[in-house]
Enquirer: 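This is the structure I want to talk about, given as structure tokens.
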Amino acid sequence: MIFQRIESEGLAHYSYMIGDRQEAIVIDPRRDCDPYIDIAEKEGFRITNILETHRNEDYLIGSIELASRTGAEIWHAEPELGYRYGKTVEDGREWKAGRLKIKAIHTPGHTSGHMSYLLHDSKGNPWVLFSGDTLFAGDVGRTDLAGKERIPEMTGLLYDSIFSKIIPLGDHVVVCPAHGSGSVCAASIADRVWTSIGMERLYNPKLRHTQREDFIKNNGQELEVPPYFRKMEELNLFPPLLSNLPVPTPLSADKFMEQSSRGTVLDSRLELDFGAAHVPGSLSIWMGGIPSFAGWFIDYDRPVFLVGETEKTAEVVRMLARMGYDRIGGSLSGGMLAWHMAGEESASNGMEPVQSLCGRIDGGEDFFILDVRSEDELRKEGRIPTALNIHITQLPGNLDKIPRDRPVHIFCGSGLRSTIAASLLQRAGWKDITVILGGMAGWKSQKCPVEK
């Protein structure tokens, strides 16, 4: 028997592979599907069926890719969306994998056709619920993606799914959601790696609202929608085959400068490296932040050119491919060292530790502080006096609020998102920009002023 969870870091996406007696089923596979193939080959299993819980918004589903390599049948929810592949799941449909049985349960709310899948063990006992985006550790699925006007309706459906269909399965049933902590598919998923219906009944704050109207009132909220969600919804009706990850063409400095002018330059190095020197006009997103922020700031209709550490290029490409960014124009061969050795001009931004900024505030110097943390962070950690708060994802639409005639000091939790903001401002023409290193962690350690 096999039971494995495959995690896509950054996106905090979970997919699952279960099987028995050489037959396996995969739930919500990612696009780069080698892990499922590798597990099946190693254990001597054949993947027979691929189950989707719903049309995903935050990543490109890998069902077609995996089916093309295994011959497995694809089953999707929400037939009204016009899928161009696979078969439609009906409520109550069952599949077998050896002695294991898995049954579809219609659990609308996050989407209208959402399906969860209940796995029964070899004795026929309910064992694991693959809950998709219905129930998470510490949270429930967001219900705003069908539109603001439908939030009460969709939240009511989510209540019915959880309290009438999921909770009655029993406290002992393990819950395996499609996402973990850090996902944009819910507001505040907990960091419990594994959970159960009983754990969620006890510790999930969203389930304390046991009356339907109370649940709708407290859990029906409108959240930020990354612009790439719409692209994912479009592509996931018929995802393009990936087959192999794109291999960026290594470009010399002069070729990189010439060709990258027609696309987006993505620099995946850390904040100190980017701040010291970077290709003019490049976008800074450190490698670990690509899944969270690329979809906010990178267009799909322009090729992406990469600057970073050569040995990490394949992983950067993998992260981009999971979000449908297949147009990789090339990479800077030799990195910034080669760029400088070719005599090309580079840009930089100021960098300053928090203790220095504290002292300058006390000294009454005239400069502007931009804080790009989220509202949730501000509530939990406090605000910096006199700072303008604009969440990093909302910065492009609020540039008119930032002065051009004063030095701008940018602040976040650590300095990484501040560097994204610095690159966005530089691309828009700002000159005097300084990233505050250490962010809120350093700020508190220095006992700098904070307003609650």
Side-chain angles (χ1 to χ4, degrees), residues 10-12 57-58 110 133 136-145 147-148 151-152 154-155 179-191 204-206 208-209 215-229 271 285-286 288-289 291-297 354 357 361 368-403 408-425 435-436 438-445 448-452:
L11 287 172
E57 299 84 12
D58 61 319
H110 176 66
D133 282 22
F136 302 111
D139 210 336
V140 297
R142 61 188 295 177
T143 56
D144 61 328
L145 296 176
K148 183 177 180 179
I151 289 177
M154 300 303 289
T155 310
H179 296 284
S181 178
S183 170
V184 293
C185 290
S188 52
I189 299 176
D191 57 4
N204 190 327
K206 302 296 180 69
R208 293 173 188 162
H209 308 289
F215 183 92
I216 293 171
K217 178 182 177 181
N218 286 278
N219 294 331
Q221 58 181 311
E222 187 176 19
L223 304 176
E224 282 190 318
V225 179
Y228 85 101
F229 270 27
E271 77 283 12
I285 306 179
W286 80 102
S292 299
F293 296 107
W296 288 97
F297 306 120
V354 289
L357 181 63
I361 291 175
F368 182 87
I369 300 177
L370 171 64
D371 188 340
V372 296
R373 291 178 297 152
S374 68
E375 284 294 329
D376 188 52
E377 289 175 287
L378 296 174
R379 283 192 297 270
K380 292 177 180 177
E381 301 169 355
R383 299 173 181 267
I384 298 173
T386 75
L388 173 68
N389 301 112
I390 302 175
H391 189 218
I392 181 65
T393 60
Q394 302 302 310
L395 187 57
N398 289 281
L399 294 178
D400 59 331
K401 298 177 182 177
I402 303 167
V408 177
H409 289 59
I410 312 176
F411 189 93
C412 69
S414 64
L416 292 168
R417 285 172 294 169
S418 296
T419 306
I420 297 178
S423 70
L424 293 171
L425 290 177
V435 168
I436 304 305
M440 197 63 189
W443 191 263
K444 286 187 172 181
S445 70
C448 301
V450 174
E451 292 177 350
K452 290 292 185 181

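Please read these numbers as outputs of a predicted model, since none were measured by experiment.
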Enquirer: For side-chain contact (heavy atoms from CB on, under 4.5 Å), just list the numbers for Phe297 and Ile420, CA-CA rounded to whole Å, side-chain angles, deciding distance to a tenth of an Å, and then say yes or no.
Expert: CA-CA 10 Å; Phe297 306 120; Ile420 297 178; 3.9 Å; yes

Enquirer: Okay, side chain of Thr143, backbone of Gly220: is any donor-acceptor separation there less than 3.5 Å?
Expert: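 No.
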
Enquirer: Measure the spacing between CD1 of Ile285 and CZ of Arg417 and express it to the nearest 0.5 Å.
Expert: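 So the CD1 of Ile285 and the CZ of Arg417 are separated by 13.0 Å.
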
Enquirer: Measure the shortest side-chain to side-chain distance between Asp144 and Thr155 over non-hydrogen atoms and say whether it is less than 4.5 angstrom.
Expert: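 The answer is no, as the side chains (C-beta and beyond) never meet within the 4.5 Å cut-off.
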
Enquirer: Minimum heavy-atom separation for Phe136 to Gly141, with atom names?
Expert: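 Where Phe136 meets Gly141 most closely, the heavy atoms are CE1-CA, 3.6 Å.
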
Enquirer: Just verifying a value: how many Å separate Phe368 CZ and His409 NE2, rounded to the nearest 0.5 Å?
Expert: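 If I round to the nearest 0.5 Å, the distance is 12.0 Å.
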
Enquirer: Hey, is Asp376 close enough to Lys380 for a salt bridge, meaning N to O under 4.0 Å?
Expert: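 Lys380 and Asp376: salt-bridged.
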
Enquirer: What closest approach, in Å, do Asp139 and Ile189 show between heavy atoms, and which atom pair accounts for it?
Expert: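 Smallest interatomic distance, heavy atoms only, reads OD2-N, 3.6 Å.
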
Enquirer: Rounded to the nearest 0.5 Å, what separation is found between the CZ atom of Arg373 and the CE atom of Met440?
Expert: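 The distance works out to 4.5 Å.
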
Enquirer: Got a second to check how far Leu395's CG is from Leu424's CG, nearest 0.5 Å?
Expert: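 Answer rounded to 0.5 Å: 5.5 Å.
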
Enquirer: Heavy atoms only: give me the nearest Lys206-Ser188 pair and the separation to one decimal.
Expert: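 Closest approach of Lys206 to Ser188, heavy atoms only: NZ-OG, 4.4 Å.
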
Enquirer: Output the distance between atom CG (Leu416) and atom CD1 (Ile392), rounded to the nearest 0.5 Å.
Expert: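 Rounded to the nearest 0.5 Å, the CG-CD1 separation comes out at 11.0 Å.
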
Enquirer: Quick one: are Ile410 and Val372 in side-chain contact, heavy atoms under 4.5 Å?
Expert: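 Touching, per the 4.5 Å side-chain cut-off.
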
Enquirer: Using atom types as modelled and distance alone, determine if a side-chain donor or acceptor of Asp133 lies under 3.5 Å from a backbone N or O of His110.
Expert: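 Absent.
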
Enquirer: Look only at the side chain of Tyr228 and the backbone of Asp58, and say whether a donor-acceptor pair between them is shorter than 3.5 Å.
Expert: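 A pair under 3.5 Å: yes.
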
Enquirer: Rounded to the nearest 0.5 Å, how far apart are CG of Leu388 and CD1 of Ile369?
Expert: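 Taking CG in Leu388 and CD1 in Ile369, the distance rounds to 10.5 Å.
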
Enquirer: Should the pair Glu377-Arg383 be classified as a salt bridge under the 4.0 Å nitrogen-to-oxygen rule?
Expert: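 Answer for the salt bridge query: no.
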
Enquirer: Please report the C-alpha distance between Ile384 and Asn389 in whole Å, then the side-chain angles of each, then the deciding distance to 0.1 Å, and finally whether the side-chain contact (heavy atoms from CB on, under 4.5 Å) criterion is met.
Expert: CA-CA 9 Å; Ile384 298 173; Asn389 301 112; over 6 Å; no

Enquirer: If you look at every heavy atom in Ser418 and Cys412, which pair is closest and at what distance?
Expert: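 Reported closest heavy-atom pair: OG-N, 3.0 Å.
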
Enquirer: Regarding Thr393 and Glu224, is there a side-chain donor-to-acceptor distance under 3.5 Å anywhere?
Expert: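 Distance-only check passes for Thr393 and Glu224.
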
Enquirer: Can you give me the closest heavy-atom contact between Ala190 and Ser181, atom names plus distance?
Expert: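 In terms of heavy atoms, the two residues are closest at O-CB, 3.6 Å.
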
Enquirer: How far apart are the C-alpha atoms of Trp296 and Gln394, what are their side-chain angles, what is the distance that settles it, and do they pass the side-chain contact (heavy atoms from CB on, under 4.5 Å) test?
Expert: CA-CA 9 Å; Trp296 288 97; Gln394 302 302 310; 4.1 Å; yes

Enquirer: Inspect the contact between Arg142 and Glu57 and indicate whether a charged nitrogen and a carboxylate oxygen are less than 4.0 angstrom apart.
Expert: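 No, Glu57 and Arg142 are not salt-bridged.
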
